[in-house]
Amino acid sequence: MISVAERSVPRALPVRVDAVLVQAVIAAALSFAHLHDLAVAAGQDGWKAWAYPISVDLLLVAAWRRLRSGESKAAGWCWFLVALTASLGANIATAGLLDLHHVPASLRIVVAGWPAVAFLGGTLLAHGPADPAPDPREQNDELANEVAQQGSLPAPAAASRPVAPASHPALAVPPPDRLPTALVDHARKVAAEHRTRTGAPIDTDTLRARLGVPGPLAEAIAAQLT
């Protein structure tokens, strides 16, 4: 038996309707139709008239994604305003302010040139600037910190800093077979680059300066490279 209290409780809808999403769909559909009508009036018939509103909406989405990513906001805002102007202009033009049976030649030129503008904007938004190359000194600091975290050595100074005086007490250096793999691999790359550039194997002093590590550790690494 179902109690009166249970029957009085309304069942939750299986799908939650978002009013903002519904409003966005309606606005997009209306703008899509206005762009299509304007393209037809400007002489772009058939499938071409349907491609124009798609290109405007895709440019808007690409610009919005660039703004959300936080990179090159100036470019994102620029192309967002270009696409918004095209969409808003079509809405105003088809609201009775323009005779769609006698479209001026200037508007025909703008409509005909829009594909090139949309292609340029979409390409620039999709292919942003490449990530800058990592700084070798920062890589050396990370590798040195990895050695320090294993408890074998204190964190060494960066390659650009002077080497500690020889009067300091000797540091405990792990045996060559217990050196961090990442540090040895990085040293191999440095040694290979030095051989390619100079034609000679890298010496211990140069290896120590390039890696930013103390002399005993550089000698242990050099033993692994031979």
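Only heavy atoms go into these numbers, but all of them, side chains included; no hydrogens, no water, no symmetry mates.
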N/O donor-acceptor pair under 3.5 Å between S87 side chain and A83 backbone | no
Measure the spacing between [atom1] of [X] and [atom2] of [Y] and express it to the nearest 0.5 Å.
X    : Y    : atom1 : atom2 : result
H36  : D45  : NE2   : CG    : 9.0 Å
L125 : L58  : CG    : CG    : 11.5 Å
N91  : L35  : CG    : CG    : 6.5 Å
H34  : L88  : NE2   : CG    : 11.5 Å
D57  : S31  : CG    : OG    : 6.0 Å
K189 : R210 : NZ    : CZ    : 13.0 Å

Heavy-atom closest contact ([X] atom, [Y] atom, distance):
X    : Y    : value
L124 : R66  : O-NH2, 3.5 Å
A93  : L38  : CB-CD1, 4.2 Å
S55  : A118 : CB-CB, 4.3 Å
I202 : A191 : CG2-CB, 3.6 Å
L60  : L84  : CD2-N, 3.8 Å
A49  : V40  : CB-CG2, 3.5 Å

Sequence neighbours left out, what pairs pass salt bridge (Lys or Arg N to Asp or Glu O under 4.0 Å) with at least one residue falling in residues 194-206?
->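 Pairs touching residues 194-206 that pass the test: E193-R197.
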Quick one: do Y52 and Q44 satisfy side chain to side chain contact (heavy atoms under 4.5 Å, CB included)? Show the steps, please.
-> CA-CA 9 Å; Y52 274 87; Q44 306 295 330; 3.6 Å; yes
Do [X] and [Y] share a hydrophobic cluster, counting only Ile, Leu, Val, Met, Phe, Trp and Tyr and linking them when any side-chain heavy atoms are less than 4.5 Å apart?
X    : Y    : answer
W64  : F32  : no
V56  : V82  : yes
L120 : V111 : yes
V22  : L30  : yes

Can you find a pair of side-chain heavy atoms, one from W79 and one from V117, that are under 4.5 Å apart?
->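 The answer is yes, as the side chains (C-beta and beyond) meet within the 4.5 Å cut-off.
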Side-chain contact test, heavy atoms from C-beta onward, threshold under 4.5 Å: evaluate it for W114 versus L59 and give yes or no.
->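 Yes; the side chains approach each other to less than 4.5 Å.
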Just wondering, are more than 12 heavy atoms of other shown residues or ligands nearer than 6.0 Å to CZ in R108?
->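 Enclosed: over 12 neighbouring heavy atoms sit under 6.0 Å from CZ of R108.
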